[in-house]
Structure formats: C-alpha cells, structure tokens
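So the structure is just underneath, and the comments pick up after that.
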Amino acid sequence: MLTKRLHRLQGFLLLVSRRASNVAKQQYDVIVVGGGHAGTEAAAAAARVGAETLLVTQKIHTIGALSCNPSLGGVGKGQLVKELDALDGLCGRAGDWAGIHFSILNRRKGPAVWGPRAQLDRQRYREFIQSELLGTHRLTVLEGSVEELLVTEPNPEKPGCHRVTGIRLGGSRSISASSVVLTTGTFLSGSLFVGQTTSPGGRIGDAPSSAGLSHTLREALGLRTGRLRTGTPPRIVKDSVDFSQAELHPPDERPSPFSFLNTHTRCKPEEQLPCHLTLTTPGVERVVRESLHLNCHIQQDTKGPRYCPSIESRVLRFPGRKHQVWLEPEGVTSDLLYPQGLSMTMPPDAQLRLIREIPALHRAEIHTPGYGVQYDFVCPTQLDPSLQVKNTQGLFLAGQINGTTGYEEAAAQGLWAGVSAARSALAMPPVTLSRTESYIGVLIDDLISRGVTEPYRMFTSRAEFRTALRPDNADLRLTLKGFEELGCVSSQRYYETVRVRDSLRDALEALQSIVLSAANWRKKMPDILMSENKFTSLSGQDVLQYNTVSFEMLASAFPDTLSPYMEFSQRLKIEAVYRPHCDLQRKEIERIQKEENMALPQDIDYFSLPVSLSQEVREILDRVRPSTLGAATRLQGITPAAIVHLLNYVRHTGQKETRTHSKYDKNREELHTENASLVKL
C-alpha cells in the first residue's frame with residue numbers, strides 16, 4: 001500500500017484550482033466547507049458513501065496542511081487515528097506515508113492505553129492528502145470563499161426550524177446541496193494575536209471565514225456560539241540549536257504503522273529522525289512576567305487548551321517549575337524545528353529573549369514567531385448524534401467549530417459528519433456510533449451531551465470500556481460495520497478484515513485446543529514462571545496470559561498447531577491478556593446499550609412532562625434534548641432520581657404504545673375477518 005505515487009499532484013492542483021465562476025455543476029448531494037483535517041475526512045467519507053460531493057476551501061494548496069505541530073497520534077489520539085483508518089479514513093495512511101519518527105507512548109502500561117504516535121514531514125503529509133482527494137470518485141474540489149448559507153423553510157415531516165439548502169460564494173453565486181458540512185476550524189471570525197497586534201485570520205497568511213457565515217449561524221439559525229483560543233510556538237532554525245545540551249530521544253527501532261492495511265511505513269527504521277528534550281529555566285519565567293503588559297492575548301478571558309497551554313499560561317499557573325520543551329523535526333529536508341511546549345503570543349523580540357534563556361537554544365534563531373488565535377465555536381449540545389444541528393435540517397458541523405482541539409479529534413468528527421451528511425442526502429437510514437464501541441463514539445457523545453467550556457481533547461480515561469476499545473482491535477470493531485452498515489469502507493479493506501477476523505478466531509481456537517497440566521507445561525516450557533503449587537490444567541490461551549510467555553514461544557513448542565498464525569503474534573498476545581476483562585465488560589456493555597437504545601422523543605415537552613423533575617432539570621433537558629436515555633445520564637446537572645423518573649416514563653409510554661398497537665392490530669384483524677365473511681355471503 002506504500003508504493004503510492006504522487007506524480008499526479010501537480011496535475012491535481014491545476015485541475016482543481018478553479019474559481020467559483022468556472023464551476024459548471026450547481027447541485028451536489030453534499031457540500032463540505034473547509035479543507036483541514038475535518039473537511040478532508042468529511043469530503044472523502046461522503047464520497048465513499050456514494051454522495052456527489054463538493055469540497056470548498058479558500059486555498060487549494062493548503063489542503064491537508066499541518067497548521068501547528070507536525071505530528072499525529074498520541075495517548076487517546078492514536079486510538080482515534082486507528083479507528084479512522086478502520087473506517088477507511090485518510091489520516092492513518094497519510095501518517096504512515098509522511099512519518100519520520102514513530103513511537104508508541106505509554107508502553108509502561110497495558111496495550112489498551114498505548115498511544116501510537118508519529119512525527120511527520122509537513123510536505124509529504126499535505127501531498128498525500130491532496131493526492132488521495134484527486135483519486136476519490138464523486139469528489140470535486142473548489143477554491144473559493146463561502147459568504148453565507150442558503151436557508152429556507154424546513155421540511156414539515158422532519159424535526160427542525162430551518163433547512164440549509166446550499167451555499168453562496170463570493171460574487172453571489174449559489175450552489176445547492178441536500179447536506180452542508182461546516183469545518184471552519186479556527187477561521188470562523190478568527191483573529192490572530194502577536195504581542196499587542198491583532199489582525200483578522202485563522203492561520204498566519206490566511207484570511208478568516210466570511211463574517212456572513214458567522215452571522216448566519218448566530219442570527220438566522222439562532223445558534224449559541226462562544227469564543228475559544230489556541231496558539232502555536234515560534235519555528236526555530238535547526239542549525240542554530242545546540243543539541244549537545246538537550247537529551248536525545250530516538251524513535252522506536254521498528255516503526256508501527258497506523259493503518260491496518262500497511263505492514264511497514266514509508267520511512268525505513270534507519271532513516272527516522274530523532275527528537276530532543278530540554279527544560280525551561282528561571283530566565284524563561286522572568287521574560288514571561290516582564291512582557292505580560294505587552295501580551296493582549298494572554299490577558300483576555302477567552303478559554304484556551306488546558307492540555308496544550310502556552311508557556312505564559314504554564315508559567316503563571318505553575319511558577320518556579322521547570323517545564324519540558326520537545327525539539328521536533330518538521331521534515332526530512334526542512335531546516336526548521338518545532339519547539340513543542342513553547343506556544344507563545346508575546347512580541348517577537350520578547351520571544352527571542354525567552355527561547356535564548358534555554359541552554360540548548362542559547363544561540364537559536366526564530367524563522368517565524370509564535371502567535372495566538374481566537375475564533376468562534378458553536379456550542380455542541382445543539383447537535384444530534386449524527387453531528388447535524390438539531391434545529392436546522394441538512395447542516396452538519398465538525399472539528400474545532402464544535403469546541404475541540406487537535407487534528408485527530410477534528411478528523412474523527414469530519415469522517416462521521418461526512419458519513420451522516422451523505423446518508424441523509426441519499427435518504428438512507430441514520431446510523432450511530434456508541435461510546436461502548438469506539439472512541440469516536442465517546443468523543444461525539446461527550447460533545448453533544450456535556451458541551452465544552454474549554455477546547456476538548458481526547459484521553460483514554462474518557463472511555464469507560466477502554467480495555468475493549470484498544471488500538472489493536474479497531475478494525476474488528478469498526479471495519480465490518482463500516483462496510484455493512486455505514487457504507488464508507490471499501491470492499492478491499494472489508495475482505496482483508498474478514499480474513500484477519502477468521503484467522504484470529506482460528507488461532508484462538510487452536511490455543512484453546514492445547515491443554516496440559518501445570519506440571520507438563522513446566523516440563524514443556526521451563527522458562528515459564530508458573531507456581532509449583534498450581535496443579536490445574538491450562539490451555540494455550542491461559543498460558544499466553546503470563547507476562548513471560550509470548551506467542552512465538554508457544555509456536556516453537558507447538559509448531560504444527562500454531563505456526564500458521566505467526567503474523568498475528570502480537571494481536572493474539574494482547575487478545576489473550578484482555579479476554580477475561582473483556583468478557584466481564586461485555587455484560588456491562590450490553591446493559592449500557594439497552595439503556596442507550598431507549599429513545600427519548602425529540603418533540604417531548606419537558607416542561608409539562610407529568611413526572612417529578614425539578615425546574616433546573618427540565619430546563620437542561622429542554623435545552624440539550626438528548627436523543628436517548630443514555631445520553632441524558634451524562635448531562636451535567638441531571639440527577640440519578642431524574643433518570644429513574646425518565647426511565648419509568650419511557651417504559652410506561654412504550655408499554656402504552658405497544659398496547660395501543662396490539663389493540664389496533666386486533667381490531668384490524670377482526671375487521672378483516674368480518675369483511676371476509678361478507679365476501680363469502
């Protein structure tokens with residue numbers, strides 16, 4: 001899969017670099033606005049489902065650009081990338097193509113919370129994404145600026161107060177669509193900050209989205225919006241860094257691909273580049289405090305990312321500490337370094353003074369200063385599980401517009417919004433991803449149920465069933481569903497996953513078929529640290545759960561039975577270790593899923609509901625309007641007592657509806673019998 005050729009990229013740019021006036025087609029199934037991580041995944045997913053799709057972006061050549069850190073994955077984030085790949089998303093394969101430093105984070109803990117991560121070559125990543133879009137059937141890419149959404153009266157047969165029917169581009173040209181996906185990132189009313197200087201924009205060198213778009217969301221559709229902020233560090237000239245005063249951190253010896261379709265990465269093990277670690281000094285804190293009066297971005301109340309804060313925020317929140325700074329390469333041929341941990345918005349001269357307070361950077365030169373961004377977001381509790389706006393038919397939101405931070409979170413939302421938008425446009429039944437089956441489901445459920453007060457970042461701790469939602473089994477959890485139910489997975493990936501599933505099942509059965517007494521296991525494999533007091537019989541799967549036992553060891557002892565499954569050695573080890581935990585969790589998941597599937601009517605009047613609920617609870621339920629009882633349980637401010645009352649109400653109305661249908665069916669049957677008798681007469 002890594003023999004991909006990108007020689008068509010130049011032709012691609014020439015082909016799609018067309019202004020709005022040159023677009024002949026005026027009707028699409030799905031229009032995606034924005035060419036970042038959310039937009040590219042949304043457009044590709046919608047096209048894979050079968051929708052005629054248009055991707056509109058301000059600049060063709062920035063599609064797939066890594067605006068901040070050139071990296072992918074990490075703890076929690078790596079799980080999202082694996083799940084995206086399992087659903088035939090782009091970023092996993094792009095990471096394997098562009099990666100220059102691969103590592104598995106969190107190895108000291110169990111495989112369920114390992115974090116696959118890669119440092120990327122910016123240019124390679126962008127080229128791969130653009131080339132993939134070129135090869136996507138039913139996808140058109142247009143360079144242009146969206147001025148506003150086309151809004152009309154809703155379809156009375158569906159819930160909602162409005163209906164979006166397309167977009168209006170600059171020059172007042174309109175393009176219609178059944179579904180529109182907004183993935184505006186930091187560009188929605190975006191403002192850039194450096195020191196005391198402010199300018200409009202969502203990224204350095206790029207203009208913000210049209211003010212008309214923000215006006216449509218707030219005024220025409222009545223959506224609640226907020227303001228968030230983020231930032232990026234200065235880029236440092238590599239040759240000006242003294243690496244002898246930083247700690248070397250080499251990559252893993254054997255790169256682990258993100259994609260289930262790849263057995264290796266483009267970058268060979270010996271070609272990988274190292275990262276380096278250094279620490280801040282008291283001089284860094286001094287420069288921060290001396291320049292606070294010149295830093296308008298840090299003085300404002302707008303919420304920033306807690307888990308990726310600026311150096312100003314870190315110093316002010318944790319004074320007197322040494323803070324980590326990772327020096328990360330930006331590409332194979334790039335002469336720049338990305339100093340992760342040094343996001344800052346002070347004036348450029350103060351930035352230079354600050355970085356030179358760090359020993360490894362005492363002679364460093366800045367290529368591009370760091371800056372901050374403030375932008376609008378839409379409160380995500382106004383979305384349903386498909387990421388469609390509840391009060392607006394045909395409008396879907398994905399990415400930072402929903403209050404998240406990070407490429408992976410944006411890409412995950414983009415793929416799901418693209419699938420949902422395409423299925424809606426093609427009149428296909430809606431589908432859901434539960435938090436019991438995927439991190440993508442956890443992400444979406446957290447957003448629409450709880451909302452955000454600060455930029456949302458994924459962690460493994462957010463998932464209740466993380467031992468079942470592992471990076472290694474994302475294909476078994478999602479690929480089959482992606483092909484059979486969602487329609488976004490290719491037949492090639494599907495049949496490969498079926499092969500893997502069947503092979504793993506056969507391998508586990510083979511392990512179960514090998515049964516020996518504990519004494520015979522100790523004779524057969526003397527290196528096993530098995531207690532002398534154990535006398536019961538054990539299967540090969542039981543023995544594989546021991547820390548000191550690998551599948552390779554078992555295959556050497558039983559070559560005829562196990563050697564055919566060597567390609568799955570690591571997966572079988574992980575499966576054996578987690579099988580007991582997953583069996584216990586499966587019962588809990590089944591209980592949760594029953595609760596999740598109890599639908600709450602979207603037209604329910606919570607203020608007149610004849611159950612004992614406080615006024616506060618009624619207001620929360622009316623504002624968020626959760627689609628299921630499970631979603632209601634996760635709303636802040638909803639008490640256990642309120643859930644019990646809702647549960648009883650849903651059960652009562654469900655039984656009443658069942659009795660009504662039964663009575664109707666009985667009456668209809670009696671009427672049919674009576675009519676038949678009359679016919680005979």
Side-chain angles (χ1 to χ4, degrees), residues 66 68-78 81 95-109 113-125 232-258 264-285 307-309 311 314-315 318 321-344 351-352 354-368 370 407:
L66 298 163
C68 200
N69 190 353
S71 69
L72 189 70
V75 178
K77 291 172 174 283
V81 176
D96 291 344
W97 178 263
I100 54 177
H101 176 114
F102 290 85
S103 59
I104 301 294
L105 307 184
N106 234 17
R107 276 193 186 272
R108 289 177 297 175
K109 299 184 178 180
V113 293
W114 285 356
R117 185 185 186 275
Q119 199 67 26
L120 307 175
D121 184 299
R122 288 185 186 276
Q123 182 176 346
R124 287 181 180 179
Y125 189 89
T232 191
R235 305 305 192 264
I236 296 175
V237 178
K238 185 190 298 185
D239 291 342
S240 66
V241 175
D242 183 359
F243 290 108
S244 67
Q245 300 199 52
E247 180 182 329
L248 176 69
H249 279 257
D252 290 350
E253 291 185 4
R254 295 180 59 186
S256 300
F258 287 109
H264 62 280
T265 62
R266 179 194 182 189
C267 186
K268 297 178 181 178
E270 65 274 13
E271 296 174 345
Q272 295 186 91
L273 302 180
C275 294
H276 293 79
L277 175 65
T278 185
L279 300 171
T280 61
T281 64
V284 169
E285 183 170 339
Y307 305 106
C308 185
I311 188 62
R314 295 165 79 187
V315 163
F318 304 107
R321 293 191 186 180
K322 292 183 177 181
H323 301 281
Q324 290 186 341
V325 177
W326 288 93
L327 304 177
E328 300 173 330
E330 295 217 338
V332 174
T333 61
S334 175
D335 60 353
L336 301 179
L337 287 178
Y338 181 95
Q340 184 189 149
L342 284 184
S343 172
M344 61 182 78
Q351 294 188 28
L352 184 61
L354 184 146
I355 66 171
R356 288 186 172 179
E357 292 292 338
I358 298 172
L361 305 178
H362 64 98
R363 294 194 306 267
E365 296 293 339
I366 292 178
H367 179 271
T368 307
Y407 305 144

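These numbers were taken from a predicted model, which means no experiment stands behind them. In what follows, every heavy atom counts, from backbone to side chain, and hydrogens, waters and symmetry copies are set aside.
Annotation for T265 and P257: closest pair CG2-CA, 4.0 Å, computed over non-hydrogen atoms. Closest heavy-atom contact between H323 and F318: NE2-O, 3.6 Å. Of all the heavy atoms in P251 and F102, the pair that sits closest is CB-O, 3.5 Å. Counting all heavy atoms, side chain and backbone alike, I236 lies closest to A364 at CG2-CB, 4.0 Å. Residues V113 and V75 share a closest heavy-atom pair of O-CG1, 4.3 Å. F258 approaches P116 most closely through the heavy-atom pair CE2-O, 3.6 Å.
Under the 30°/60° scheme for interplanar angles, the aromatic rings of H249 and W326 are found to stand perpendicular.
With rounding to the nearest 0.5 Å, the separation of CD in Q123 from OG in S334 is 9.5 Å. Atoms SG and OH, from C68 and Y338 in turn, are 3.0 Å apart once rounded to the nearest 0.5 Å. Here the straight-line distance linking atom CG of L120 with atom SG of C267 works out to 11.0 Å at 0.5 Å rounding. Considering OH of Y407 and CG of L72, their distance stands at 9.5 Å, rounded to 0.5 Å. In this structure, OG on S240 lies 8.0 Å from CZ on R356, to the nearest 0.5 angstrom. The CD1 atom of I355 sits 13.5 Å away from atom OG1 of T280, with the distance rounded to the nearest 0.5 Å.
In this structure, H367 contributes its side chain and V237 its backbone to no donor-acceptor pair below 3.5 Å. Side chain of D252 to main chain of R254: no donor-acceptor pair is present (N/O by atom type, distance under 3.5 Å, no hydrogens or angles).
With contacts defined as side-chain heavy-atom distances shorter than 4.5 Å, the pair L327/L361 qualifies. Side-chain contact between P339 and P233: present, with at least one pair of heavy atoms (C-beta onward) separated by less than 4.5 Å. At least one side-chain heavy atom of Q119 sits less than 4.5 Å from a side-chain heavy atom of P70. A heavy-atom distance below 4.5 Å is found between the side chains of P255 and P269.
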- Task: For I366 and Q351, run side-chain contact (heavy atoms from CB on, under 4.5 Å): C-alpha distance rounded to whole Å, both residues' side-chain angles, the deciding distance at 0.1 Å, then the answer.
- Result: CA-CA 8 Å; I366 292 178; Q351 294 188 28; 3.9 Å; yes

- Does the pair T281 and K322 meet the rule for a side-chain contact (heavy atoms from CB on, under 4.5 Å), with working shown? CA-CA 6 Å; T281 64; K322 292 183 177 181; over 6 Å; no

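Checked for salt-bridge contact, E285 and R314 miss the test: no charged N lies under 4.0 Å from a carboxylate O. A salt bridge is defined here as a Lys NZ or Arg NE, NH1 or NH2 lying under 4.0 Å from an Asp or Glu carboxylate O, and R266 with D121 fails to meet this definition.
Sorted by first and then second residue, the salt bridge (charged side-chain N to carboxylate O under 4.0 Å, His left out) pairs with a member in residues 324-335 read R117-E328, R122-E330, R235-E330; sequence neighbours excluded.
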